[in-house]
Structure formats: structure tokens, C-alpha cells
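Presented below is the structure to which this report refers.
Remember, it's a predicted structure, so these values are computed and weren't measured experimentally. Letters go in sequence order (proteins before strands), and every chain restarts at 1.
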Amino acid sequence: MDVTAVDRSAVLGDTLLHRAAPASKLVAAGLLLGAVVTMDDPLVAAGLALSLTGAAAAVRLPLRQMLPLAAYPALFALVFAFAAAPGPATGALFVLKAVTAALAVVTLMFSTPYPQVFAPIQRITPTIVGDALLMTYRSLFILADKFADLQRAIRLRAGISARQPVRAARATTRALGGLLLYSFDLSQREYDILRLRGYEGGLRVSVHTSRDRSADGAALAYATLVLGVAVAFRVLPALAGYAWIATLAGALDLTVGLLIGRRTR
Amino acid sequence: MSHIHIPDGVLPWWLWLGGWALAFGLLALASREGARVESRRAVPLIGAVSALVLVSMATEIVPIAYHVNLTVIAGVLLGPWLGAISAFIVVLVLALLGHGGITVVGLNTLVIASEMAIGGALVRTGARAFGRTRIRPVAAVSTVVTLALTTTMLVGIVAIAGAGAATRETGALDAETLEFRNPFSGGVVSVGLLGGHDHEGETEEEHAEHADEGGLSVGRFAAVVYTLGPLGWLLEALVTAGVLGYVARVRPSLIFGAMRVEPQYPRYGDEHGRH
């Protein structure tokens with residue numbers, strides 16, 4: 001889970017999606033999650049996953065970094081599908097739902113700086129929760145870097161080796177212990193900074209507006225269309241035999257998206 | 001498997017919405033209780049500990065689909081109320097990175113907050129009873145007991161979801177015969193947009209039959225998590241014991257400061273208590 005790659009893309013990227021207002025992207029992500037909740041056909045789910053990948057490729061989001069992150073929940077969904085699904089088609093549906101939902105949120109996070117995503121959450125949660133959320137994300141980068149350094153140092157000293165699992169486990173545990181001590185020192189430093197700055201609760205985030213209205217419209221129209229398709233396949237019995245069309249359309253979206261992404265490069 | 005890796009759209013809407021409502025109630029209560037701690041101190045502390053839990057969760061043990069959680073350690077360091085806030089933050093950030101569904105954030109918050117509260121309480125009670133020198137075994141046993149309890153909570157959630165979960169074999173493609181079929185022949189009303197089937201007018205036998213066809217297989221799920229789970233519990237127990245033991249040795253005030261655990265060895269004099 002490379003959190004720094006997500007942040008780098010969200011802050012430094014300049015795709016069509018980056019130019020849309022965070023509020024529009026949050027609503028679009030919500031509509032896409034609505035589609036994931038609604039759909040109950042693996043073929044429709046596959047179509048949506050392909051289409052979303054195509055959309056991300058068309059606006060030139062970093063697919064190589066996004067796809068592993070979106071595929072990560074598939075591993076856990078596979079275990080859940082094996083454990084609880086009543087049949088193979090439902091198992092496939094579980095995995096595809098996990099991947100599609102992950103793709104939707106990962107697309108949001110790769111195109112929107114985290115304070116902008118957290119700002120609406122801050123408004124509906126108690127002050128301490130919203131502030132701690134922002135502080136967590138800040139600390140996450142620092143601790144992730146520190147942990148990577150610690151692991152590298154241990155590996156260089158031959159502390160992590162497959163041949164000596166007990167020694168490796170002991171070294172990793174000490175690294176985590178060291179990280180815990182470091183995280184406490186970090187929180188102490190942050191406390192000092194907050195005290196110096198006269199913090200009394202309530203970190204403010206200035207919300208970005210849209211830099212391109214057409215980007216907002218495109219994101220919302222796409223998400224609404226996807227939700228419409230998912231609802232249609234769920235409620236209209238006449239469409240039941242044509243779910244393969246959704247997969248085909250998704251594959252087409254992916255192809256077109258890849259071509260557009262390559263042409264605009 | 002301390003928290004739910006259930007994808008969005010699998011659990012019935014009333015269950016995950018109920019989870020969100022309960023989680024918000026818990027957050028409101030936790031914020032009120034947490035306000036007793038100075039917010040300037042609480043905010044960075046929650047941030048640092050939540051980030052630590054997130055970093056540990058990013059390390060996954062592939063064959064058993066398990067990752068270290070450090071939730072018991074977070075419970076020891078933060079206590080139950082600040083722990084509940086940390087649980088929500090951890091689950092939300094994970095969901096935003098594609099790890100765990102957005103709809104199950106509420107339920108996951110309840111499970112992880114319970115894990116932090118129970119784990120923290122067990123370690124504190126154990127340390128008081130057996131002394132700080134036995135922090136490693138106390139931490140290991142507390143972690144196993146806590147994870148067993150929260151895994152049972154997880155099985156309970158899946159059991160509550162049961163046949164109401166949206167897991168119907170309604171795909172147009174029949175995976176067994178590889179033929180296209182019409183699963184909606186019962187009519188549009190029977191589809192049930194956000195929940196399970198509408199079995200109005202069925203006899204009890206028919207209803208039970210349909211429930212077996214479409215619902216989550218709770219028995220199999222329980223069998224799998226109780227088979228794979230203990231491996232994870234053991235790993236987590238070893239890591240928790242190792243980390244708490246290490247911290248207790250190099251900076252005991254972090255763990256025992258808030259606990260007021262009396263040392264089991266003489267405080268003054270040499271190792272035999274002689275002055």
C-alpha cells in the first residue's frame with residue numbers, strides 16, 4: 001500500500017478529474033458506490049470494473065499504481081467468497097464488487113488531495129474526530145517512511161531472512177516497537193506545535209472549487225449513467241439475458257480509454 | 001481476521017446503515033468522554049497511534065490473507081474512548097485506499113473499537129494482577145482472547161446478515177451449466193432493489209428453502225474463520241507481546257504510566273531489596 005504515490009498523484013497531477021470540484025467527485029464516487037451496492041450480476045460488475053479502468057486510462061491517471069491498490073481487496077474478497085458465497089457466480093460477484101468499489105475510491109483519492117476528501121467528513125463528525133483524521137494522514141506519511149527505513153536497516157544487517165524466521169520476526173517486532181516510540185515522540189512534537197500556535201480545536205480546510213465545469217459535468221454524468229445501468233439490470237427482467245452486453249460495453253470503454261490516454265500523451 | 005473484509009453491496013442495507021448509525025452514536029459518546037483529555041494532546045496522540053496501526057495493517061501475510069493490526073496496543077495506549085475515535089479513522093482511511101468497503105465502515109468501526117477496548121482492558125487488568133514483569137504473556141493471552149471475541153462478533157454480523165444478504169445467484173450466466181437464464185421470471189417486485197427477495201405469500205418451508213439458496217453460508221464462513229483465525233491470532237499475539245515487552249523495557253512509562261501498575265520487585269535498594 002504505497003500511500004505516498006496516492007498523495008503525489010492527488011497533489012501534483014493535472015488530469016481532467018483533478019480539475020473537477022472535490023464535491024462533484026465525492027458525489028460521483030457515491031453514485032458509483034450506489035451502483036456497486038445495487039448490481040447483482042457478475043457480468044454487469046465486470047463491465048463496470050472494465051469501464052472504470054477505461055475512464056481512469058482516458059483521463060491519464062497513473063493506472064500502474066492504481067490497479068494494484070484496487071486489486072488488493074480482491075485477495076480478502078476471495079477468502080470471503082470461498083468462505084461464505086453460496087455458489088461460484090456469487091463468489092465472482094463478491095470479488096468483482098470489491099474491486100469495482102476499490103477502483104471508485106482509489107480513482108477519487110488519486111485525483112483529490114486528502115484534506116479535500118476529509119473536509120466534508122469533518123463537517124459531520126465531532127471536532128476531535130475531524131482534527132484527528134487530518135493529523136493521522138499527516139503522521140501516516142512520516143511513519144510509513146520511518147518504518148521503510150527501519151526495515152531497510154534491518155535487512156542490510158541481515159536481520160530479515162526467510163531462512164531464519166524467528167530472528168526475522170524478532171527484528172520486525174523490535175522495528176515496530178521502535179516505530180511506536182517514534183510515533184509517541186512525533187505526537188509530542190505535534191502537541192508542542194499545536195500549543196505554540198494556540199490550537200483550541202477545529203483545524204480548518206479551505207475547500208477547492210472547480211477549475212473546469214465540464215470536468216464536473218463529465219464525472220457526474222458518467223457516474224449517473226453507470227448507476228442507471230446497474231439499477232436497470234437489477235429491476236428490469238427483460239434485460240436479464242443481456243448482461244453480457246454490459247461486459248462488452250465495459251471492454252469497449254477500456255479499449256477506447258486506453259487509446260485516448262495514449263493519444264493525449 | 002479482526003475486521004470485516006466484506007465488499008460493498010453484500011450485506012443488507014439495514015445492517016450496514018445500522019452499523020453507521022451505531023458508529024456515529026459511539027463517536028459522539030467517545031468525543032464527549034475524550035474531551036476530558038486536553039484536545040491539543042488527544043488529537044496528535046490519536047493521529048500518531050492511528051497512523052501506527054495503519055502502517056502495520058499495510059503489511060500483509062499473503063497465504064492466510066492476514067495483516068498485523070496492533071489494535072490491542074492501540075487500546076492500551078489510548079483507552080476505550082480515544083480508541084473508538086482511532087478505530088473510526090483507521091477504518092475510514094483504509095476504506096478510502098480500497099481496503100474494506102465504504103458501506104461497512106460503521107460495522108468495522110464497532111468491531112475494531114471493541115477490539116481496542118477489550119484488549120486494552122484485558123492487558124491493564126492482567127498487568128495489575130500479575131505485575132509488569134509478566135507483560136509479555138499477559139499481552140499474548142489478552143490478544144488471543146480479544147481476537148477470538150471479535151472474530152465471533154464478525155461471525156455474528158454475517159449470521160445476522162444471513163439470508164438477507166444480497167447474494168442471490170441472479171446472474172444471467174449460470175456458472176454451472178454456462179447457459180444464459182432468466183432469474184427474474186418471478187417478476188420485478190420479487191427483485192428487491194437493496195435487500196433480499198420479497199417472499200411474501202410463501203409458506204415457511206418455501207421461505208426456508210429460498211433462504212438456503214441465496215443467503216451467506218454462515219456455517220462455512222464460521223468454519224473458515226475459526227480455522228484460519230487462530231493462525232492470525234497467534235501471530236498478532238506474538239507481535240503484540242514482543243512490541244509491548246520491548247516498550248515496557250525501554251520506556252515503561254508509556255505503558256504503565258496510565259495504568260498505575262505497582263512493580264512486583266522492590267523499588268529501592270538492590271535486586272534483593274537490601275538498602
Side-chain angles (χ1 to χ4, degrees), chain A residues 1 33 36-37 40-43 69-70 72-73 75-77 79-80 83-90 94 97-98 101-102 105-106 109 125-126 128-129 131-133 135-136 139-140 143-144 147 173-174 176-177 179-181 183-184 186-187 190-191 194-195 199 201 234-235 237 240-241 243, chain B residues 5-10 27-28 31 34 39-52 54-56 58 65 85 88-89 93 96-99 101-103 158 166-173 175 180 182-184 188 191 193 214 216-217 220-221 224 239 242-243 246-247 251 254:
Chain A
M1 204 188 298
L33 283 176
V36 172
V37 170
D40 61 356
D41 191 311
L43 292 177
L69 211 54
Y72 183 61
L75 188 72
F76 296 100
V79 176
F80 181 70
T90 309
F94 285 174
K97 276 191 176 210
V105 288
V106 164
M109 295 306 287
T125 52
I128 188 172
V129 180
D131 290 357
L133 190 58
M135 207 56 94
T136 299
S139 308
L140 183 59
L143 290 188
F147 190 52
T173 305
R174 277 186 191 154
L176 278 170
L179 196 68
L180 191 147
L181 297 180
S183 70
F184 257 84
L186 179 71
S187 85
E190 283 169 345
Y191 164 73
L194 289 176
R195 218 172 63 156
Y199 168 80
R234 177 91 188 221
V235 300
Chain B
H5 293 110
I6 298 177
D8 288 304
V10 171
L27 279 182
S31 303
S39 64
R40 275 187 298 211
R41 196 170 284 284
V43 166
L45 184 64
I46 298 170
V49 175
S50 305
L52 180 75
L54 283 165
V55 168
S56 72
I85 297 171
F88 172 73
I89 290 169
V93 173
L96 286 171
L97 292 169
H99 183 130
I102 291 277
T103 53
V158 174
T167 62
R168 293 163 295 136
E169 292 281 9
T170 53
L173 178 71
F180 286 99
N182 184 359
F184 298 90
V188 183
V191 171
L193 188 61
L216 293 169
S217 174
R220 187 150 41 99
F221 180 70
V224 169
V239 171
V243 172
Y246 175 77
V247 177
R251 211 187 293 180
L254 279 185

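Going from atom CE of M109(A) over to atom CG of L97(B) covers 6.0 Å, rounded to the nearest 0.5 Å. Taken to the nearest 0.5 Å, the CG atom of L54(B) stands 9.5 Å off from the CG atom of L143(A). Distance CD1/I89(B) to OG1/T125(A): 8.5 Å, rounded to 0.5 Å.
Ranked by heavy-atom pairs shorter than 4.5 Å toward chain B, the options V106(A), L179(A), L133(A), L186(A) are led by L133(A). When I46(B), L52(B), I85(B) are compared by the number of non-hydrogen pairs under 4.5 Å with chain A, L52(B) comes out ahead. Taking I102(B), L96(B), T103(B), V247(B) one by one and counting their heavy-atom pairs under 4.5 Å with chain A, the maximum is reached by L96(B).
Under the 4.5 Å side-chain criterion, counting only non-hydrogen atoms from C-beta, L176(A) is not in contact with V55(B). The shortest distance between side-chain heavy atoms of F80(A) and V10(B) falls below 4.5 Å. Counting heavy atoms from C-beta on, the side chains of Y191(A) and V43(B) never come closer than 4.5 Å. Using a 4.5 Å cut-off on side-chain heavy atoms (C-beta onward), Y246(B) and L181(A) make contact.
Looking at R220(B), its side chain does come within 3.5 Å of a backbone N or O of A85(A) through a donor-acceptor pair.
Across every non-hydrogen atom of V243(B) and G177(A), the tightest pair is CG1-CA, 3.9 Å. When every heavy atom of A28(B) is checked against every heavy atom of P126(A), the shortest pair comes out as CA-CG, 4.4 Å. Nearest heavy-atom pair across S187(A) and A48(B) is CB-CB, 3.7 Å.
Using a 4.5 Å cut-off between heavy atoms, S31(B) touches chain A through backbone and side chain atoms alike. Both the backbone and the side chain of V239(B) have a heavy atom closer than 4.5 Å to some heavy atom of chain A.
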